[in-house]
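All values derive from a computational prediction rather than experimental measurement. Letters A, B, ... mirror the listed sequences (proteins, then strands); counts begin at 1.
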Amino acid sequence: MSRIRPEDLKLPPAAYNSLGLNALLRFLQSNRKYHILDLGPALGANLEFWSHFLCRLTVDDFYSEYRARTDSEPEAPRESLITELLPFDDQTAFDMILAWDLFNYLGPEEIVPLVRRLSRWCRKGTVLFALISSLPYIPVKPSLFRILDRERMTCQARTLETRPCERHQPRDLARLLAGYEVTCSFLLRNGSQEYLFTYVECEQKNL
Amino acid sequence: MIWKKSEAEETPVHSLSQPSSLPPSSARGQAQASKERALIGAAIEIKGNLAGSEDLVVEGRIEGKIELRQHSVTVGKSGYVKGDVYGLVVIVMGEVEGNLYGEEQIVLRQTCTVRGNISAPRVTLEDGARFKGSVDMTPPTPAEPDPAPA
């Protein structure tokens with residue numbers, strides 16, 4: 001859990017039309033209550049947006065805590081760390097997971113156990129929203145994504161410092177996100193692609 | 001001074017900069033009916049539950065449940081609470097490890113750190129707040145039947 005510092009908010013947010021968000025929200029049209037997992041930092045705008053829906057929002061800023069731990073304990077097994085940082089109980093079932101640009105910051109050896117861990121709380125039809133960048137360099141920290149309305153979001157980089165991007169290829173995603181299928185994807189002008197994955201199978205829930 | 005009654009100058013609630021974060025008028029009305037509020041100073045540590053019938057500002061450390069369902073509870077910047085907090089309006093600027101229950105509203109200020117779940121009709125979260133937990137969203141839709149109480 002890291003704090004968004006004032007310097008993280010210096011760069012102007014870029015607004016864009018998000019077809020991925022629009023597709024995602026089509027899953028929220030029935031009257032039942034949904035459980036949403038937001039893997040980004042807690043943002044007031046997103047809380048405000050989701051407050052218009054009948055849902056339970058769980059916020060778990062996974063990356064900041066995970067990366068802080070891997071930096072301080074480089075030898076620590078990734079799987080046990082992921083297990084420790086995502087400690088939801090067995091009764092939890094997410095209908096929607098917002099990964100934002102998290103996967104751009106994780107290698108395949110980290111995504112596989114993370115997705116396996118998350119699948120523990122997925123059920124058939126759980127949707128996962130992610131942005132995969134094809135750019136060679138990305139900001140050092142994950143960006144801040146704020147939902148403005150059903151079709152528009154802003155993306156705010158927290159720093160001008162960059163690092164190499166993992167650049168996961170579309171053909172690799174099926175392997176990395178075991179149990180998920182690509183429902184739809186939308187290429188953005190900024191070099192990212194919005195993906196909507198749907199959880200289709202329930203194997204390997206033993207982590 | 002360990003415990004003291006404080007007047008308006010000790011009230012972070014009144015220093016809110018964002019109008020949207022102000023408690024609703026009914027909450028203000030009740031919370032301000034008595035302008036006094038109890039203050040747990042920064043050097044104070046309490047182990048045990050707290051209950052009462054006036055507003056509370058916590059700048060010290062409390063390990064236990066705080067239950068002031070008809071009054072506001074403010075965890076100040078130096079405040080730390082390990083336990084559940086029940087209040088009419090709950091405002092957090094410090095650190096809470098526990099669940100927050102607001103009869104009317106919960107406000108998480110940018111300086112706060114909260115690990116726990118939140119339940120309130122209105123929740124305000126400022127960017128910069130460190131929050132890990134769940135928020136129950138139940139939008140007010142009069143046409144729909146009332147959901148089970150939180």
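The minimum heavy-atom distance linking K132(B) with L85(A) is given by the pair NZ-O, 3.5 Å. Contact detail for D127(B) and G44(A): the closest heavy-atom pair is OD1-N, 3.0 Å. Of all heavy-atom pairs between L43(A) and L125(B), the closest is C-CD2, 3.8 Å.
Within a 6.0 Å radius of CD in E161(A), other residues, nucleotides and ligands contribute 12 heavy atoms or fewer.
Look at D61(A) and R130(B) and you find no salt bridge, because none of the NZ, NE, NH1 or NH2 atoms lies under 4.0 Å from a carboxylate O.
Residues that satisfy the side-chain hydrogen bond (donor to acceptor under 3.5 Å, both in side chains) test with N104(A), not counting sequence neighbours, are absent from this structure. Evaluation of the side-chain hydrogen bond (donor to acceptor under 3.5 Å, both in side chains) rule for T183(A) yields T198(A) as partners, not counting sequence neighbours.
Note: R115(B) CZ to D60(A) CG = 9.0 Å, rounded to the nearest 0.5 Å. Remark: F131(B) CZ to L57(A) CG distance equals 7.5 Å, nearest 0.5 Å. Separating the CG atom in L47(A) from the OG1 atom in T124(B) is a distance of 8.0 Å, to the nearest 0.5 Å. Once rounded to the nearest 0.5 Å, the distance linking OG of S134(B) with CG of L37(A) reads 8.5 Å.
Your options are I118(B), V135(B), T111(B), L108(B), and the one with the most heavy-atom pairs under 4.5 Å with chain A is V135(B).
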